[in-house]
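Take a look at the structure below.
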Amino acid sequence: MKKIAIYPGSFDPITNGHLSIIQRASGIFDEIIIAVARNSQKKGALFTLDERLEQLDMLSEKIKTNTALRAMSFDGLLIDFAKTQNACAIVRGVRNAHDAAYEQQMIHMNRHLSGIETVLLFTTPELSFVSSSLVKEVAKYGGDVSAFIPEEILPVFLDRIAEAS
Ligand code: COA
């Protein structure tokens, strides 16, 4: 049976840290669904849901892998979405002990509710301090974020930051 995993998040914007997790997870699964949460509690998104899905599809094409990658949005509980996609696992990237503690709670809850396991991958050290919010804040004040945002979306990201400022 195909091993399908869900890699969920807000991806506003997607960072090189996310891409690195997708690349690494692609060696483990036959298919990865990059799942953008529609009902994320985060307010004031920089990119619309459709824009993020387009960006994720476009960036997936540049990942060299035999694993099928596709971007989808989901509403409601992650595990319900995972079940509809016949996923056997959830993939999460952890950057530090704080992330790990937060993930521990979600892992136990998701497994309690569904039996679905979560695979945690530690972010590479050079990207372990990156978050989408931090990158947005640094860019807003003119800092160089080119090491953290995929080059394909950097121009539109900077335009959007300028418009929002
Ligand atoms: N490299 C760089 N940054 C990373 C990263 C990586 N490898 N992994 C995560 N991040 C950053 C993200 O950019 C994000 O930054 P931000 O907070 O500044 O936007 C931050 O870490 C948190 O990311 P993440 O943990 O993926 O959270 P999220 O808000 O993007 O997504 C959901 C959380 C959608 C997975 C979770 O809320 C969910 O499952 N919701 C559905 C409802 C549900 O099922 N709830 C019950 C859960 S038990």
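Just follow the structure's listing: the first ligand is 1, and inside any ligand the first atom is 1. Note that the structure is a prediction, hence the values are computed from the model and not measured.
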Side chains of Asp12 and Ser10 only: does a donor on one sit below 3.5 Å from an acceptor on the other? no
Proximity winner for atom 41 (C) of ligand 1, if only heavy atoms of Gly76, Ser133, Pro8 are counted: Gly76
Looking at ligand 1, would Arg92 count as a contact under a 4.0 Å heavy-atom criterion? yes
Side chain or backbone of Asn110 under 4.0 Å from ligand 1, or both, or neither, by non-hydrogen atoms? side chain
Got a sec: does the CE of Met106 have more than 12 other heavy atoms crowding it under 6.0 Å? yes
State the atoms of ligand 1, each with its element, that fall below the 4.0 Å cut-off from a heavy-atom position in Ile21. 7 (N)
Is any N or O atom of Tyr7, backbone or side chain, closer than 3.5 Å to an N or O atom of ligand 1? no
List every atom of ligand 1 that sits less than 4.0 Å from any heavy atom of Thr15, numbering the atoms from 1 in the order shown and giving each element. 1 (N), 2 (C), 3 (N)
Looking at Ser60, is its backbone amide N or carbonyl O close enough to the side chain of Arg70 to form a donor-acceptor pair, meaning the two atoms are under 3.5 Å apart? no
Below the 3.5 angstrom mark, is there an N/O of Leu78, backbone or side chain, next to an N/O of ligand 1? yes
Is the closest N or O pair between Ser10 and ligand 1 shorter than 3.5 Å? yes
Residue-level breakdown please: for His18 versus ligand 1, do any non-hydrogen atoms fall below 4.0 Å on the side chain, on the backbone, on both, or on neither? both
Looking at ligand 1, would Phe148 count as a contact under a 4.0 Å heavy-atom criterion? no
With a cut-off of 4.0 Å, which atoms of ligand 1 are near a heavy atom of Ala37? 34 (C)
Option whose closest heavy atom lies nearest to atom 6 (C) of ligand 1, chosen from Ser114, Gly93, Pro13, Gly17: Gly17
Can any side-chain N or O of Thr123 pair as donor or acceptor with the backbone N or O of Val94 at less than 3.5 Å? yes
With a 4.0 Å cut-off, would you call Lys140 and Glu137 a salt bridge? no
Please confirm whether the backbone N or O of Gly93 pairs with a side-chain atom of Glu103, one donor and one acceptor, at under 3.5 Å? no
Does Leu46 offer a backbone N or O that forms a donor-acceptor pair with the side chain of Arg160 under 3.5 Å? yes
Option with minimal heavy-atom separation from atom 11 (C) of ligand 1, where the choices are Arg95, Glu137, Met109: Arg95
What I want to find out is whether Arg92 reaches Asp99 closely enough, with some N-O distance under 4.0 Å, to be called a salt bridge. no
Please work out which of the three classes, parallel, tilted or perpendicular, describes the rings of Phe129 and Phe148, given edges at 30° and 60°. perpendicular
Hey, is Leu77 touching ligand 1 through its side chain, its backbone, both or neither, going by heavy atoms under 4.0 Å? both
